[in-house]
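First comes the structure, then the notes that go with it.
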Amino acid sequence: MKLIMCAGPPTSGKTTVLRQVARRLLKKGRRLAYLKIDVQFADEDELFRNEFAIPARKIYSGDLCPDHASVLVLGDAVKWAEEEGADLIVETAGLCLRCAPYIVGSLGIVVLEATSGMNLPRKIGAMLTLADIAVVTKIDLVSQAEREVFRANIMDATRIEVLEADALRGIGIDRLVRRIERAEDVTMPLMLKGSPPVATCTICVGKKVIGWEHHFGVLRKLDTDLFYRGE
Amino acid sequence: MEIRKVTILGGYGRGGEKERVDQVDLEMGDLLSIVGPTGSGKTALINDIGLFAAEDTPSRRRILINGAAPAEEFLDDPAKNPIALITQHTGFLSDVSVASFLDTHARIRRSGNRDAVVADILDFANQLTGEPIITDSAMTELSGGQSRALLIADAVIIGNSPIILLDEIENAGINLTRALEMLRKYEKIFVFVTHDPRITLSSDYRIVMKGGAMQNAITTSLEEKRIGEKVTELDKIIMGMRDRISSGERMLEKEFRAIMDMTWLT
């Protein structure tokens, strides 16, 4: 199965991009499951369930960092999608922009809006540099010259594939879909690509393996609230 | 890559009906206008050209370059993109200085000597604006007219693009007659979205839009071209008035009457 991890600042257009992508992939006969990881509110799971009739769910990370929550629950979520016989699309809030949710062998997509500041690509770290593709949205709101300079600033921050899209009108999405179709299947064990900064838990100190059963401290499963495991 | 021809293959209008104009071929040196009421799909049409639509936009149109599907590198490498699209944006969001913006753009478009290119752009742009652009100012501080002038100069000089698409430059607060004179010195394919008779009547032909679809393609007659020249003269008179009022002068009725009496206008 393919694992598609989509991150990006709030309001950058992640959901709009993923809806356009899902519509096209489903039309081509692929099976999909959708997981939204957010902090305190999300309704995208209902949106995907209602619009596409696919298995969809959400978790709230609450007091946990959303990328930490992702490490804990993603092992369960991949099993869930596998049982559904589906590829898994994960959309995360990616709040502090210093961590990155991407998994080795997943397709990491960062969604940035063309209207964000020219220095944004330099300000965000691993969320951009560890992604496989940057999708630049809202290109209809800026001039071509500005779009090209924004692209240059991304390429200066990291050598990465950049696709430009007007996701509301579905423009530029076909190329992203072709890239997803070329993505490889994920392999076990699932491992985080990068180490998050700040060391206060097993994830923070660099233990990258995915799944709550590999970690200690305050944890959660896909289906539980927070609990403590350790001495 | 040498560009000789751009082809628009018709798609569908907003109501799902096939476009009445099913193919438009633009040869190097052609000047095309796109006309039609607000909301008729003019901007969508030039956006289709600018994005090399491949049945992947709402209109389902296709754009061919030299009769074939465009290379993907046009979209991936700005230095290889043969199209410059000047949108209706009259403001920038970039929190950088004019000099740094132009320098970065010249670098990715691989335009040669960057200092010289930036100087040329400012020279070009400042001929179209009232107040000159200061290179140290932030892009966000430019006025609407300065922004449009800079974008036009950028497209013509940095891009040196063989195909230039311009969306309603008459709304830009720039000296349009001067802009048209300067643009015509370049051998390129020009596509204007416009409501302005000066631009339409000096084009080689025009596409009339309705309901999101290309409704008709009209070749400009010699008679229309003659009218276009007179409209341009008329505009110069109005521009002259505008400049005099802007610089604090009073208008006099007797001068105005003299203008209205000019027989060549009728």
Side-chain angles (χ1 to χ4, degrees), chain A residues 9 11-12 16-17 20-21 23-24 27-28 112-123 133-157 159-179 182, chain B residues 43-44 46-48 50-60 72 75-79 81 83-98 100-110 121 138-140 147-148 150-155 157-159 161 164-167:
Chain A
T11 75
S12 58
T16 312
V17 168
Q20 294 280 8
V21 162
R23 184 173 305 139
R24 287 163 174 76
K27 206 181 266 177
K28 293 180 177 202
L112 305 174
E113 49 192 316
T115 49
S116 44
M118 279 290 151
N119 288 324
L120 181 80
R122 268 180 291 226
K123 285 181 180 167
I133 309 174
V135 176
V136 178
T137 53
K138 308 189 187 178
I139 55 169
D140 55 316
L141 298 182
V142 299
S143 60
Q144 184 191 27
E146 256 190 309
R147 180 154 50 98
E148 291 180 359
V149 170
F150 191 68
R151 164 187 280 266
N153 287 347
I154 294 174
M155 311 277 272
D156 287 347
R159 297 307 288 181
I160 192 179
E161 204 176 322
V162 181
L163 297 179
E164 286 146 346
D166 172 354
L168 270 184
R169 297 180 184 82
I171 295 167
I173 301 293
D174 286 352
R175 300 185 74 207
L176 178 59
V177 168
R178 286 199 288 275
R179 182 64 188 79
R182 287 204 309 274
Chain B
T43 297
I46 55 165
N47 280 338
D48 279 350
L51 294 163
F52 305 100
E55 295 181 27
D56 56 354
T57 63
S59 71
R60 318 295 293 169
E72 285 228 333
L75 287 168
D76 290 329
D77 184 354
N81 187 345
I83 293 184
L85 168 62
I86 294 148
T87 46
Q88 283 203 53
H89 300 101
T90 51
F92 288 96
L93 300 157
S94 310
D95 38 9
V96 293
S97 71
V98 172
S100 135
F101 182 88
L102 292 177
D103 187 69
T104 308
H105 200 207
R107 173 165 61 84
I108 51 167
R109 281 273 185 164
R110 297 198 278 282
I121 291 173
M139 296 289 284
T140 45
S147 299
R148 297 297 294 277
L150 196 68
L151 284 173
I152 294 169
D154 174 278
I157 292 166
I158 278 194
S161 312
I164 300 213
L165 317 174
L166 302 107
D167 197 353

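To find a chain, count down the sequence lines: A is the first, B the second, and so on, and within it residues start at 1.
Contacts between B:L75 and chain A at a heavy-atom distance below 4.5 Å involve backbone atoms as well as side-chain atoms. Of the atoms belonging to B:L85, heavy atoms from both backbone and side chain fall under 4.5 Å from chain A. Looking at A:D140, the atoms closer than 4.5 Å to chain B (heavy atoms on both sides) all sit in the backbone: N, CA, C or O. Both the backbone and the side chain of A:V142 come within contact range of chain B, each with at least one heavy atom under 4.5 Å from a heavy atom of that chain. Residue A:I173 does not touch chain B at all, counting heavy-atom pairs closer than 4.5 Å. If you measure heavy-atom distances from B:D56 to chain A, the contacts under 4.5 Å come from both the backbone and the side chain.
Ranking B:A54, B:A53, B:G50, B:P58 against chain A, the residue ahead of the rest is B:P58, based on heavy-atom pairs under 4.5 Å. Taking B:I108, B:I158, B:D154, B:T87 one by one and counting their heavy-atom pairs under 4.5 Å with chain A, the maximum is reached by B:I108. For the set A:A152, A:S143, A:A114, A:S116, the count of heavy-atom pairs under 4.5 angstrom toward chain B peaks at A:S143. Here A:L141 is the residue among A:V162, A:L163, A:T115, A:L141 with the most heavy-atom pairs under 4.5 Å with chain B.
Taking 4.5 Å as the limit, every side-chain heavy atom of A:D166 sits out of range of all side-chain heavy atoms of B:T57. Within the 4.5 Å cutoff, side-chain heavy atoms of A:D156 are placed close to those of B:R107.
A salt bridge links A:R175 with B:D76: the closest approach of a Lys/Arg side-chain nitrogen to an acidic carboxylate oxygen falls below 4.0 angstrom. A:R178 and B:E72 are joined by a salt bridge, as a carboxylate oxygen and a charged side-chain nitrogen come within less than 4.0 angstrom of each other.
Here the closest non-hydrogen pair linking A:Q144 and B:A84 is OE1-CA, 3.1 Å.
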